[in-house]
Amino acid sequence: MKKNIILPILLILSVFIFCLSVALKSSINSDSASMYIEAMDMANGNWLLNGWDLSTVPFYFTDTLLYAVIIKIFGSHEIFMWIIPTIIYTLCVFISSLLIYSSKKNYIGLIALLFCVAMPSVYASNFTLAMCIHVGTILLSLTCVYFISKKSRYAPAIIILMSPLATFSDKIFLYYFTLPLMVAIVFSLYYGYKKKKECFILLISLFVSVVLYKLISFLSCTYGIITTPWSAPQKFVEYDRFLFNLDLLIKGVIYYFDAFIFGKELGPQSIIYAGRFLSMSIWLSILVVASIKRFRSTVIDTYLVIVPALMPAAYIFSNLPVDLMTTRYFSYSFITGTIIIGRYIQECKVKPIALIGMALFLIVINFQQITLNKPKDDYSRVAKYIANNNLGDGFGTFWEASSTSVRGSKNIYPVLFDNGEFVNMNWLSKDAWYSTKSRYIVIKNDDTEISKVSKEFGSDFSIIRFGDLAVISYKDERISVKR
């Protein structure tokens, strides 16, 4: 028994180390940094985030609460911002492997994880190995799916407990889990799935979870607890934006596999890109076949087929796509698509040597150099400069403030330039921050931004530039914001 468990542990540890190395290649953006600051405030006793202006997606139960508990127990450490999301994603990979393996003790199907799940690209890591970017929601979705797949008697209770909290924290949970599973159950009942009682219990559990989510949202708004700002309702895409959305979808898929070979010069590196493009094409081809073959096999198989189709379709026909970063909305499709491929592979009569060859091919083209050093980016250099020069707490424009603050020991509060004045952000910020004055402000290294500061606070400043960032400081604490 002990020998049987050693290999899985080593494989999961290898996935964690590889994913952590990939995660450490990226800086912490301001959205993620702001969530970490929220977690630190919670760990200091403000568990309901009183006084905070949150974003439209609070991530409270899916992400922030977990970070707060860990910080409360172990203290705040900068490396947590990379380690914790990597642990969460590694658990996603682990549950994905269980969903593949538990299908008739399917060892060979685990090879499918090498396409884009167990060895994600740097681009994919922005959506799977970063804080505050739906990975907690993915973990809760997969957890619910796993308990349903095991026909656990606790599955309905888990759905009723997890789903309302997950949906309240991140509404995309509805599209990742609740709606696709409802559709899968309806399909299964329509096509004569024998275990009708089981299906009806799950369906009732899903409806109850939606009602509870609505109740939690109502109570939150009524009593002003963890409230989020109003957001514009989602709409269908404008006619002239449809091709734009489709273009983003195609690019998003290609970049997820790090397979954008277009325009690359011929050479050793382009061969790697060509290999990744081939692996992407194979993944898509097998996904189509696996979806046809496994659809209606079980409720879970039907669900796993629906998600990779539903999310990209919803993306194309919605008004949400803005840039490549918005392709994160359908990142869960790559995971569920890979699981359904893994569950199907065992049915294929493929020679073992071919499977070994495919596994080695995927490892070679997806492998990246393992380094476990925190990124030495502009934010860390600015934070070090502020600390070394005893500048104290300060202000910064949104995309520069929180990202710099979490890389050092000083607080840098986000501000917005509006109608010729610097005002408090009212977005991922706390009201109490804006009653102070400061000597400096961190902004984008841009002449237009610099001139705004000069016009507002005076031209008698000193400026230090760090790549894309600039620190403007004065001899006195004159910088304040209008509230």
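Just the heavy atoms: all of them, side chains too, but no hydrogens, waters or symmetry mates, feed the values below.
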Quiz: residues 250-263 side-chain donor-acceptor pairs under 3.5 angstrom, not counting sequence neighbours:
unit_1 : atom_1 : unit_2 : atom_2 : d
Lys251 : NZ     : Asp247 : OD2    : 3.3
Asp258 : OD2    : Arg276 : NH1    : 2.7

* Could you pull out the closest heavy-atom pair between Ala43 and Ala68, with the gap in Å? => CB-O, 3.6 Å
* To do: Tell me, with the steps shown, if Ser96 and Leu113 meet side-chain contact (heavy atoms from CB on, under 4.5 Å).
  => CA-CA 8 Å; Ser96 299; Leu113 295 171; 4.0 Å; yes
* Asked: Could you go step by step and tell me if Val135 and Leu129 meet the side-chain contact (heavy atoms from CB on, under 4.5 Å) rule?
  -> CA-CA 7 Å; Val135 68; Leu129 295 169; over 6 Å; no
* Asked: Heavy-atom count around Leu266 CG within 6.0 Å, excluding the residue itself: above 12?
  -> no
* Write out all pairs satisfying ring pair (Phe, Tyr, Trp, His ring centres under 6.0 Å) with one or both partners inside residues 155-182, taking only residues at least two apart or from two chains. => Phe173-Phe177, Tyr176-Tyr332
* Kindly indicate whether a cation-pi arrangement holds for Arg296 with Tyr191, taking the cut-offs as under 6.0 Å to the six-membered ring centre and within 45° of the axis. => yes
* Asked: Is the charged tip of Lys264 near the ring of Tyr273: under 6.0 Å from the six-membered ring centre and within 45° of its axis?
  -> yes
* Asked: Under the side-chain hydrogen bond (donor to acceptor under 3.5 Å, both in side chains) rule, what pairs show up with a residue in residues 361-375, not counting sequence neighbours?
  -> none
* Are a donor atom and an acceptor atom from the side chains of Ser27 and Asp377 found within less than 3.5 Å of each other? -> yes
* ring pair (Phe, Tyr, Trp, His ring centres under 6.0 Å): which pairs involve residues 19-42, sequence neighbours left out? -> none
* **Within residues 304-319 or reaching into it, pairs that qualify as side-chain hydrogen bond (donor to acceptor under 3.5 Å, both in side chains) - sequence neighbours excluded** => Tyr315-Thr326
Which donor-acceptor pairs under 3.5 Å do side chains of residues 355-363 form with protein atoms, sequence neighbours excluded?
none

